[in-house]
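First up is the structure itself, then whatever we jot down about it.
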Amino acid sequence: MKVTGFTPLWTLVSLLCGHLAHAAEHEDVVKHAIKLHRGKGAVITQRKQWVLESCRKLSGLLRQKNVVLNKLKNAIRAVEKDAGLSDEEKLFQVHTFEIFQKELNESENSVFQAIHGLQRALQGDYKDVVNMKESSRQRLEALREAAIKEEMEYVELLAAEKHQVEALKNMQHQNKSLSMLDEILEDVRKAADRLEEEIEEHAFDDNKSVRGVNFEAVLRVEEDEANSKRNASKREVEDDLGLSMLIDSQNNQYILTKPRDSTIPRADHHFIKDIVTIGMLSLPCGWLCTTIGLPTMFGYIICGVLLGPSGLNSIKSIVQVETLGEFGVFFTLFLVGLEFSPERLRKVWKISLQGPCYMTVLMIAFGLLWGHLLQIRPTQSVFISTCLSLSSTPLVSRFLAGTVRGDKEGDIDYSSVLLGMLVMQDVQLGLFIAVMPTLIQAGVSTSSSIFKEILRILILIGQILFSLAAVFLICLVIKTYLIGPYYRKLHAESKGNKEILILGISAFIFLMLTITELLDVSMELGCFLAGALISSQGHMVTEEIMSCIEPIRDFLAIIFFASIGLHVFPTFVIYELTVLLFLTLSVVIMKFVLAVLVLSLILPKTSQYIKWIVSAGLAQVSEFSFVLGSRARRAGIISREVYLLILSVTTLSLLLAPALWRAAIMKCVPRPERRSST
């Protein structure tokens, strides 16, 4: 498709020049260009004459542009020499002239960029998709830069218009006497302008040249309204408030996080509607599950399924709902730690440390074996095995809520062992997230760098162990010197006012969460340790705090389990039901058998009977596999199909967990404790 000659090039020149010179001539020029391209009735002399006329038009436009630029320069010099204008007025007029100069230069650049683009396209090969893709990318980048420049120019024009209006108001105020109220309002206006300039962050200008920042084309979607007139009247208001939704070319949706003008209060009405809808629908779903004998948490998951992408698709702020749901995990683990006394932790710490480590190693070994047989990459096998080895701490915490902790002498309480192993798995989760970048690199590394990757993994493990030691040292200091005086102060200040107690306890949870997060350990461990530290103050303290925090935990837990339902896709489960049931049962049975085997080796002989209950509690897959799976999919460790399989197996295993738990409770727990456990 390589073309010689300049007729197509000058055709584009004539088209653009005709459009710039006179809009009425545009259609005739286009028709003439088509005739020339097809070779219909166009003799050589006419073609040459037409090209010359197009060149003359372009030259005339360029000469006219230079004349206008010279006039603008003279006007700028005249304004600068005018002694009758104030400095502010001079700056305003000069800036207005410069904006017009920039508009002329940008129009000229656009003409020649279009010409060069056509020339590059004519010299390319229409069969070369890579070349066309690169040309399209270059045009897209040029359009993005042009859009940014045009946006900046539009903002400058708005500022100039605002300045013009303010100058007119000042002239009117100078020509008439102001009342005392008008003078006060004028002073307030000037103070408000200064405040707006002080607090405004020039985030766009500051970040547009930062390395790694890309210009993207987005769609701005206004709020749907039944009344179109009302929607039109609201548009100007929403332009100022920034309440519209932005959608990029990858179908990601964005909402406002920080407005330009921080003096006006705003609310994310999409998020408010989502929380209200979840709260209303969770009630009948929870009632339904209670009626048929399932835990209410499955009703909340069903609520998320009905409202999520696989259902009515009415949840708009999915990320915000999931973020709020994370606080449900934090408060759930805090209450778990509140019931988990340090004495119990001291009693089962060896089992809690050894059990999850052995189970994870065995799961990875089985995963590598099956991966070798099925020809799956080792990195993918390790990732899937590690995901499936984790169990759900929030789910088991709900199972254990309100259980009787009456240990027999010499025996170990199954709840202590189970919670200790789950907490250790949360630590492993933090370790795995830290090691994941190395796992990504290992998938593309050569054999010569395997030793370096193994060394890097060992260094990361050493860092995590050091962080854990630092965390427990901090806990020891807090327990010895700080937690007692802190609680007594809170208790004294909160007499007749429970909000001080709630706020103080929440602040302590967030402090421990921040400490563990800064030390690169999971935030969930910090919440658990916060509860364990407070429980060291005695049973009365535990009861008082639990009565205050439980309602908050219950509401946030509803949001958390509903957010899990947003990632459950029933249609995919129905399409692949046979395969998914086989995989789920295989995973549950394998985890149960491995847990029984490991616990048989590490439990004392007098406590062997609890291995069945603990194994039943560990037999499901943690909801954190959603998080790990999404990260691995973005990193290219697993494919979309494997990601959906992990989500579906996790969901089905969580649905099977109550039945397995009840069966273990019925078999192994004495009747009085059984009633409270179920």
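A quick note: this is a predicted structure, and the numbers were derived from the prediction, not measured.
Of all heavy-atom pairs between Leu566 and Gly304, the closest is CD2-O, 3.4 Å. Contact record, Val596 with Ser600: O-OG, 2.6 Å, taken as the closest heavy-atom pair. Across every non-hydrogen atom of Cys527 and Ile509, the tightest pair is SG-CG2, 4.0 Å. Across every non-hydrogen atom of Ile613 and Tyr414, the tightest pair is CG2-CD1, 3.6 Å. When every heavy atom of Pro570 is checked against every heavy atom of Ser310, the shortest pair comes out as CD-OG, 3.4 Å. Taking all atoms of both residues into account, the shortest heavy-atom contact from Thr584 to Val649 is OG1-CA, 3.7 Å.
Although no hydrogens or angles enter the test, the distance criterion places no donor-acceptor pair under 3.5 Å between the side chain of Ser317 and the main chain of Gln320. Side chain of Ser653 to backbone of Val621: a donor-acceptor contact under 3.5 angstrom is found. Put simply, the side chain of Ser506 never gets that close to the backbone of Leu503: no donor and acceptor are under 3.5 Å apart. Within the 3.5 Å criterion, the main-chain N or O of Val588 finds no donor-acceptor partner in the side chain of Gln620. In terms of modelled atom types and a separation under 3.5 Å, the side chain of Ser389 and the main chain of Thr386 share a donor-acceptor contact. In this structure, the side chain of Lys611 does not engage the main chain of Ala595 through any donor-acceptor pair within 3.5 Å. The closest donor-acceptor contact from the side chain of Ser615 to the backbone of Trp612 lies at 3.5 Å or more, if one exists at all.
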Stepwise side-chain hydrogen bond (donor to acceptor under 3.5 Å, both in side chains) test for Lys591 and Ser391: CA-CA 10 Å; Lys591 292 191 69 175; Ser391 303; 3.1 Å; yes
Yes or no on side-chain contact (heavy atoms from CB on, under 4.5 Å) for Met424 and Gln354, after CA distance, side-chain angles and deciding distance? CA-CA 9 Å; Met424 188 58 202; Gln354 295 174 359; over 6 Å; no
If you apply the rule side-chain contact (heavy atoms from CB on, under 4.5 Å), what do you find for Ile559 with Ser282, and how did you get there? CA-CA 9 Å; Ile559 305 298; Ser282 295; over 6 Å; no
Intermediate values then yes/no, side-chain contact (heavy atoms from CB on, under 4.5 Å), Leu335 and Glu550: CA-CA 8 Å; Leu335 291 180; Glu550 270 189 337; 3.7 Å; yes
Evaluation steps, side-chain contact (heavy atoms from CB on, under 4.5 Å), between Ser381 and Trp370: CA-CA 8 Å; Ser381 300; Trp370 281 104; over 6 Å; no
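Atom CG of residue Leu655 and atom CD1 of residue Ile301 lie 6.5 Å apart, to the nearest 0.5 angstrom. Taken from CG in Leu388 to OG1 in Thr650, the straight-line distance is 6.5 Å, to the nearest 0.5 Å. Taking CG of Leu362 as the reference point, atom OG of Ser385 lies at 11.0 Å (rounded to 0.5 Å). Here CD1 of Ile602 is found 7.5 Å from OH of Tyr358. Values are rounded to the nearest 0.5 Å. Note that the CG atom of Leu501 and the CD atom of Glu544 stand 5.5 Å from one another [nearest 0.5 Å]. With values rounded to the nearest 0.5 angstrom, Leu599 atom CG is found 7.5 Å from Ile610 atom CD1.
Inter-residue side-chain proximity for Ile638 and Ile646 is flagged as met; some heavy-atom pair is nearer than 4.5 Å. Contact annotation: the side chain of Trp287 never approaches that of Thr296 to less than 4.5 Å [non-hydrogen atoms, C-beta and beyond]. Here the side chains of Phe334 and Ile505 are in contact, with some heavy-atom distance below 4.5 Å. At least one side-chain heavy atom of Leu422 sits less than 4.5 Å from a side-chain heavy atom of Leu618. Using a 4.5 Å heavy-atom threshold, the side chains of Phe560 and Leu556 count as separate. Side-chain contact between Tyr300 and Cys285 is absent, with no heavy-atom pair separated by less than 4.5 Å. Using a 4.5 Å heavy-atom threshold, the side chains of Met512 and Leu533 count as touching. At least one side-chain heavy atom of Leu656 sits under 4.5 Å from a side-chain heavy atom of Leu585.
Note on ring orientation: taking the six-membered ring where Trp is involved, the planes of Phe331 and Phe510 are perpendicular (angle over 60°, cut-offs 30° and 60°).
Counting heavy-atom neighbours within 6.0 Å of Phe569 CZ, excluding the residue itself, gives a total above 12. For CZ of Phe327, the number of neighbouring non-hydrogen atoms (other residues, nucleotides, ligands) closer than 6.0 Å is 12 at most.
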